[in-house]
Amino acid sequence: MDGMSGPYVIRGFVSLPEAELMWRFSRSSGPGGQHVNTSDSRVELSFDLAKTEALPEVWKARALERLAGKLVDGVLTVRASEHRSQWRNRETAAVRLAALLAEASAPPPKPRRATRIPRGINERRLREKKQRSDTKRGRSGRDWG
């Protein structure tokens, strides 16, 4: 693409494969006055996640599972129409797609290791709680005036 500031990196050394991106342009609603009626500034970017060879298999499997609700026949589509210029909408769409894929293909978080609260800390908490309740009980104005 001429003048695009790619390649759009997904994570590490993997980036969006230019050859596998399918672009569609259409008229956008929104800002732009009469200009909007004549220019195809809305961008639709599709990426065939199911058939791609650009992603490592593990990532691909993860992404297919996590994005299942957004996919149509294994194809992921993002739209951008917030800018008046097609070029900026293209940028937005590509960045959005890269971010989606990065998030969807990320490794699952490490499981949390359960740890016990040290007894001393628990006892201190209970002691402070009791002190606080005594302080507050002492404030009830029954024996005043």
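All values reported here derive from a predicted model rather than from experimental measurement.
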Applying side chain to side chain contact (heavy atoms under 4.5 Å, CB included) to M22 and L45, what does each step give before you reach the verdict? CA-CA 6 Å; M22 284 130 359; L45 174 58; over 6 Å; no

Run the numbers on R79 and V43 for side chain to side chain contact (heavy atoms under 4.5 Å, CB included), then give the verdict. CA-CA 6 Å; R79 287 174 199 82; V43 172; over 6 Å; no

List the steps and the verdict of side chain to side chain donor-acceptor pair (under 3.5 Å) for R62 and S105. CA-CA 5 Å; R62 259 187 232 137; S105 64; 5.8 Å; no

V78 and T92: side chain to side chain contact (heavy atoms under 4.5 Å, CB included), yes or no, with the steps? CA-CA 9 Å; V78 289; T92 307; over 6 Å; no

The test is side chain to side chain contact (heavy atoms under 4.5 Å, CB included); show your working for R125 and I117 and say whether it passes. CA-CA 11 Å; R125 181 182 64 86; I117 298 171; over 6 Å; no

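A donor atom on one side chain and an acceptor atom on the other are not found under 3.5 Å apart for N122 and R119. For the residue pair S41 and H83, no side-chain donor N or O sits within less than 3.5 Å of a side-chain acceptor on the partner.
Under the 4.0 Å criterion applied to side-chain N and carboxylate O atoms, R132 and E128 are not assigned as salt-bridge partners.
Contact record, A80 with N89: CB-O, 3.4 Å, taken as the closest heavy-atom pair. Closest approach of E44 to T77, counting heavy atoms only: CG-CG2, 3.7 Å. Residues V75 and S46 come closest through the heavy atom pair CG1-CB, 3.8 Å.
Taking CG of D48 as the start and CG of L76 as the end, the distance is 10.0 Å to the nearest 0.5 Å. A distance of 11.5 Å separates CZ in R139 from CG in D134, rounded to the nearest 0.5 Å. Between K60 atom NZ and E65 atom CD the span is 14.5 Å, to the nearest 0.5 Å.
D73 CG: 12 or fewer foreign heavy atoms inside a 6.0 Å radius.
Paired with E82 under the rule salt bridge (Lys or Arg N to Asp or Glu O under 4.0 Å), one option of R96, R88, R42 passes, and it is R96.
Using a 4.5 Å heavy-atom threshold, the side chains of K130 and L126 count as separate. At least one side-chain heavy atom of L21 sits less than 4.5 Å from a side-chain heavy atom of L97.
Using a distance-only test at 3.5 Å, with no hydrogens or angles considered, a donor-acceptor pair links the side chain of R66 to the main chain of A106.
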